[in-house]
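The structure appears below as structure tokens.
Values below: every heavy atom of this structure, side chains too, minus hydrogens, waters and symmetry copies. Residue numbers count from 1 along this sequence.
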Amino acid sequence: VPPECRSDSEPPMISVNFTVQPVTGENGPLRVVPGRRHTCEKSDAPPCFRKEPEVLRQSKLCPLPPGAAIIRDLRLWHGGTPNGSNDTR
């Protein structure tokens, strides 16, 4: 990580997402890529979804009950997944 992006203690920012309904593998859970973070370098950008290894595509946070809190460092690579259910989310 370039020196200007380093933090020796807390993350520069965090995000807290709350689930308002059950999150399942079918209704579009949040996807995370463990061990990878956004940095200041463009070369550190996440790969295109179609070019990612299958193991990264399947790295989803589910199941989660309503009221769960997801606390994450904003530098964590993450994204949404399609809602394959018939319910809105």
Side-chain angles (χ1 to χ4, degrees):
V1 176
E4 63 272 13
C5 295
R6 292 181 190 162
S7 175
D8 293 331
S9 55
E10 304 87 32
M13 285 196 233
I14 62 168
S15 173
V16 181
N17 302 94
F18 295 96
T19 59
V20 295
Q21 64 190 67
V23 177
T24 68
E26 291 78 42
N27 68 357
L30 180 70
R31 197 170 67 82
V32 297
V33 180
R36 299 305 304 258
R37 300 182 303 175
H38 284 289
T39 65
C40 296
E41 299 293 321
K42 289 186 182 269
S43 63
D44 291 332
C48 172
F49 182 75
R50 291 184 185 108
K51 294 181 180 179
E52 284 183 8
E54 185 64 24
V55 69
L56 297 184
R57 289 189 207 173
Q58 297 303 320
S59 185
K60 301 173 185 173
L61 294 178
C62 65
L64 294 173
I70 302 166
I71 302 171
R72 61 183 173 80
D73 182 327
L74 281 180
R75 298 170 294 179
L76 176 73
W77 286 3
H78 67 285
T81 59
N83 182 353
S85 73
N86 291 324
D87 300 323
T88 58
R89 194 178 82 71

Using side-chain heavy atoms (C-beta onward) and a distance below 4.5 Å, is Leu64 in contact with Ile70? yes
Under a 4.5 Å cut-off applied to non-hydrogen side-chain atoms, are Lys60 and Val23 in contact?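 No. Closest side-chain heavy atoms not under 4.5 Å.
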Taking atom NE2 of His78 and atom CG of Leu61, what is their separation to the nearest 0.5 Å?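 CG of Leu61 is found 10.5 Å from NE2 of His78.
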How does the hydrophobic cluster around Ile71 look, that is, which other residues are in it when side-chain heavy atoms under 4.5 Å mark a link?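 Traced through the cluster, Ile71 reaches Ile14, Val16, Phe18.
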Taking [Y]'s backbone N and O only, do any of them form a donor-acceptor pair with [X]'s side chain (distance below 3.5 Å, no angle check)?
X     : Y     : value
Thr81 : Pro29 : yes
Asn27 : Pro22 : yes
Thr19 : Pro65 : yes
Ser59 : Arg31 : no

For Asp87, give me all partners under side-chain hydrogen bond (donor to acceptor under 3.5 Å, both in side chains), at least two apart in sequence or on another chain.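 For Asp87 there are no side-chain hydrogen bond (donor to acceptor under 3.5 Å, both in side chains) partners, ignoring immediate neighbours.
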Residue pairs involving residues 12-27 (criterion salt bridge (charged side-chain N to carboxylate O under 4.0 Å, His left out); sequence neighbours excluded): none
